[in-house]
Amino acid sequence: MTTTAIPAETKRVPATAPKRRPKREREGAAWVFLSPWVLGAIVLTLLPMAVSLYLSFTDYDLFNPPKWVGLRNYVQMFTEDPRYWRSVVTTVTYVVIAVPLQLALALVVALALKGMKRGKAFYRSAFYAPSLLGASMSIALVWRAVFNDGGTVDNLLGTGGWVNKPGWALLAVALLTVWQFGAPMVIFLAGLQQIPAELYEAAAVDGAGKWRQFLSVTVPMLSPVLFFNLVLQTIQAFQVFTPAFAVSAGKGGPADSTLVYTMYLYDRGFVASHMGYASAMAWVLLLVIGVVTAVLFRTSRSWVFYASEGDR
């Protein structure tokens, strides 16, 4: 009789989970990858801002060491410089004209593209192209030629050269900005495509026409995108420089009608060599943009609708 040996049961060794790196080591690796951005932010943004803030309290002409003058630049700006206040009025007027017109045109074109079934990609690219070209000096010079005496606008309308008329020059600059509606148009189009079709069908069943659907469905559902474009374009409009500089040949004329804030800042800093005064102007502009942005965010609670949070 033969016997068979039963092998002893082998113990299974549980697989050990891979060891996680210590938290400090993981954070160190993250900082290594972030270091180029952090270094760039410090050297190219924060440090120049700190130097500019210091220079705003000095008398500095780019050639001699800065001399501390305290608040004199700010006092002179607000109480002794009439051209400064003209640049403020011109800039605010420009923002009030250019931003609403640009956003309105962008929304109209986006609505038209949404309903297209063929060629949408081509027209979207074609309408976006001016946003890539419009900020260049060459396009601004062409714009000046179009609105100059004997230019295209003069030949078509017989109104003379807009760039030589104080009441029309700023409008020519604003129209150049309006022409660059491609970026907000693309954002509007993306927002329109996210609106559920069921909302329009329900509105149509309730008897709402196209205009009522636009007011009751499109505008509320598109309000976050509209708010985003409004903030972005308003900030950019306050910093306008190239169109006004090119249209006015760098002088802000005629009669300071195109003397926007950044152009006067450039004139004080790099033409008149009053860099301390220009630094003070830059910080005032930063504070104004911050206040305007905060006001827009504050007022958005009453008209911006977020579907995930209900009507705000």
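To the nearest 0.5 Å, atoms CZ (R72) and CG (D59) are separated by 5.0 Å. Residue R301 holds its CZ atom at 10.5 Å from CZ of F227, rounded to the nearest 0.5 Å. Atom OG1 of T262 is separated from atom CD of Q239 by 8.0 Å, given to the nearest 0.5 angstrom. Summarising the geometry, atom CG belonging to L259 is positioned 5.0 Å from atom CZ belonging to R83; distances are rounded to the nearest 0.5 Å. One finds the CG atom of L111 at 11.5 Å from the CE atom of M185 (value rounded to the nearest 0.5 Å). To the nearest 0.5 Å, the span separating CH2 on W179 from CG on L105 amounts to 12.5 Å.
Linking Ile, Leu, Val, Met, Phe, Trp and Tyr residues whenever their side-chain heavy atoms come within less than 4.5 Å places Y306 and V217 in a single cluster. Cluster membership check: F78 does not share its hydrophobic cluster with V69, using side-chain heavy-atom separations under 4.5 Å among Ile, Leu, Val, Met, Phe, Trp and Tyr. There is a path of hydrophobic side-chain contacts, each under 4.5 Å, that joins F297 to I235. Following chains of ILVMFWY side-chain contacts shorter than 4.5 Å, one cannot reach M221 starting from V205, and the two form parts of different hydrophobic clusters. Hydrophobic clustering places Y261 together with L286 (ILVMFWY residues linked when any side-chain heavy atoms are closer than 4.5 Å, directly or through intermediates).
Counting only distance, with no hydrogens or angles, the side chain of T258 and the backbone of G252 share a donor-acceptor pair below 3.5 Å. When atom types are taken as modelled, the side chain of D61 and the backbone of F63 share a donor-acceptor pair closer than 3.5 angstrom. No donor-acceptor pair closer than 3.5 Å links the side chain of S52 to the backbone N or O of M49. With hydrogens and angles ignored, the 3.5 Å screen pairs no side-chain donor or acceptor of T45 with any backbone N or O of I42. Side-chain atoms of T234 come within 3.5 Å of backbone N or O of L230 as a donor-acceptor pair.
Taking the six-membered ring where tryptophan is involved, the planes of F57 and Y74 are tilted, since the angle between them lies from 30° to 60°. Ring geometry for W168 against W162 counts as tilted: the plane angle lies between 30° and 60°, on a 0 to 90° scale.
The number of heavy atoms from other shown groups lying within 6.0 Å of OH (Y54) is above 12. Environment of CZ in F270: sparse, with no more than 12 heavy atoms of neighbouring residues, nucleotides or ligands closer than 6.0 Å.
Taking all atoms of both residues into account, the shortest heavy-atom contact from S257 to T90 is O-CG2, 3.4 Å. Taking every heavy atom of both residues into account, M281 and R268 meet most closely at SD-CG, 4.1 Å. The minimum heavy-atom distance between Y84 and Y277, with the atom names listed, is CB-OH, 4.2 Å. Heavy-atom minimum distance, M275 versus L55: CG-CD1, 4.4 Å. Between Y200 and P196 the shortest heavy-atom distance is CD1-O, 3.8 Å. Between T91 and S87, the closest heavy-atom pair is OG1-O, 2.7 Å.
Tested against V173, the residues V163, V247, I97 include a single side chain to side chain contact (heavy atoms under 4.5 Å, CB included) partner, V247.
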Chi angles and distances behind the side-chain contact (heavy atoms from CB on, under 4.5 Å) call for T177, Y94
CA-CA 10 Å; T177 299; Y94 167 83; 2.2 Å; yes
Take Y264 and D81 through the test side-chain contact (heavy atoms from CB on, under 4.5 Å) and record every step on the way to the result.
CA-CA 11 Å; Y264 189 51; D81 191 353; 2.6 Å; yes
Dump the intermediate steps for side-chain contact (heavy atoms from CB on, under 4.5 Å) on L176 and Q180, then the final yes or no.
CA-CA 7 Å; L176 177 55; Q180 304 169 43; 3.8 Å; yes
side-chain contact (heavy atoms from CB on, under 4.5 Å) assessment of L265 paired with F241
CA-CA 10 Å; L265 187 154; F241 176 80; over 6 Å; no
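Annotation: side chain to side chain contact (heavy atoms under 4.5 Å, CB included) contacts of S216 (sequence neighbours excluded): R212. Listed by chain and number, the residues in a side chain to side chain contact (heavy atoms under 4.5 Å, CB included) with V225 are I187, F188, L222, N229 (sequence neighbours excluded).
The shortest distance between side-chain heavy atoms of L189 and Y128 does not fall below 4.5 Å.
Checking S223 against W303 by side-chain atom types alone, no donor-acceptor pair falls below 3.5 Å.
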